[in-house]
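Notes follow the structure.
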Amino acid sequence: MFEQATFVISNTDIAKCPKPDRPEIAFIGRSNVGKSSLINMLASKKGLAKTSGRPGKTQLINHFSIDEQWYLVDLPGYGYAKVSKKSRAEWEQMISDYILLRENLRVVCVLIDSRLDPQKIDLEFINWLGENEIPLALVFTKADKQSINKGQQHIAKFKKAMRATWDAFPPIMLSSAESGYGKEEITAFIQEVIEN
Ligand code: GTP
Ligand code: MG
């Protein structure tokens with residue numbers, strides 16, 4: 001698992017993504033939440049996915065091949081305020097095409113900042129996934145920035161907010177790209193997804 005991770009291709013067009021001949025898992029979430037960093041942590045490869053302190057770093061659909069057995073996909077984030085209406089509409093089109101049409105996509109991991117109270121934009125996005133019957137998991141990020149207990153409290157609040165629209169919860173994990181917290185749990189989850 002994650003023995004060998006290599007970059008394959010970046011693009012804005014789902015027609016140009018690699019042939020859908022193996023399972024695929026995508027990471028999405030607000031800009032700056034830590035999607036690219038988490039990919040690097042899981043792959044134990046620092047510069048694999050490009051990260052940045054400034055939001056909006058990842059702009060394309062990025063495919064990484066893991067052990068030549070499955071694809072891990074880094075997607076551009078949502079909710080970055082300094083984005084034009086046109087760019088936002090383009091993002092929505094690209095992401096909805098990718099998520100709704102990518103036939104080998106097994107699960108969408110939605111990353112959420114573990115330091116924050118439930119955010120409307122995250123809830124709206126996961127509700128949209130639910131309405132479209134897309135399998136998802138929630139990965140709370142940046143656990144190292146506070147106590148684990150505090151992170152768990154924010155997860156509990158998020159679950160409470162989800163109860164308005166969800167009667168069962170997706171898999172939920174807590175992680176830190178900085179400390180490696182959650183690596184085993186996330187790896188085991190992904191392994192189960194791609195093997196079934
Ligand atoms: P976009 O591509 O812009 O959507 O952002 P992203 O979600 O890919 O975030 P990225 O991985 O680039 O990380 C954003 C910032 O958060 C960087 O400065 C990272 O170093 C920092 N960061 C990411 N994950 C963690 C974490 O687990 N702990 C800490 N302390 N910082 C983190
Ligand atoms: Mg990124």
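Below, all heavy atoms of this structure are taken into account, side chains as well, without hydrogens, waters or symmetry copies. Note that the coordinates shown come from a computational prediction; the quantities given were computed from them, not determined experimentally. Counting convention: from 1, in listed order, for ligands and their atoms alike.
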Indicate yes or no for a side-chain donor-acceptor contact from [X] to the backbone of [Y] under 3.5 Å, with no hydrogens or angles considered.
X	Y	value
D144	S176	no
S175	Y181	no
N62	S10	no
W91	P76	yes
K45	A5	yes

Mark up the atoms of ligand 1 that fall under 4.0 Å of a heavy atom belonging to [X], in ascending order.
X	answer
S52	12 (O), 13 (O), 14 (C), 15 (C), 17 (C), 18 (O)
E178	26 (C), 27 (O), 28 (N), 29 (C), 30 (N)
S176	27 (O)
G53	18 (O)
G77	4 (O)
V33	7 (O)

For [X] and [Y], does a side-chain donor sit closer than 3.5 Å to a side-chain acceptor?
X	Y	result
E192	N196	no
S65	R22	yes
R106	N104	no
K150	S114	no

Atom CD of E184: over 12 foreign heavy atoms under 6.0 Å:
no
Looking only at distances, please establish whether an N/O atom of ligand 1 is found under 3.5 Å from an N/O atom of [X].
X	answer
A143	no
S175	no
T51	no

Provide, to 0.1 Å, the distance between [atom] and the closest protein heavy atom, together with that atom's residue and name.
atom	result
atom 16 (O) of ligand 1	K142 NZ, 3.1 Å
atom 9 (O) of ligand 1	G34 N, 3.2 Å
atom 4 (O) of ligand 1	K35 NZ, 2.8 Å
atom 2 (O) of ligand 1	T58 OG1, 2.6 Å

I need the contact type for K145 against ligand 1. Using non-hydrogen atoms and a strict under-4.0 Å cut-off, is it side chain, backbone, both or neither?
side chain
Kindly say whether the aromatic ring centers of F125 and Y78 come within a distance under 6.0 Å.
yes
If you take the nearest heavy atom of each of [options], which one is closest to [atom]?
atom	options	result
atom 14 (C) of ligand 1	I28, L60, N32, D74	N32
atom 10 (P) of ligand 1	S37, G182, G29, G79	S37
atom 28 (N) of ligand 1	N40, D113, D144, L38	D144
atom 27 (O) of ligand 1	A177, G180, P76	A177

Any N/O/S atom from S36 (main chain or side chain) under 2.8 Å of the Mg ion (ligand 2)?
yes
Considering only NZ, NE, NH1 and NH2 on the basic side and carboxylate oxygens on the acidic side, decide whether K35 and D74 come within less than 4.0 Å.
no
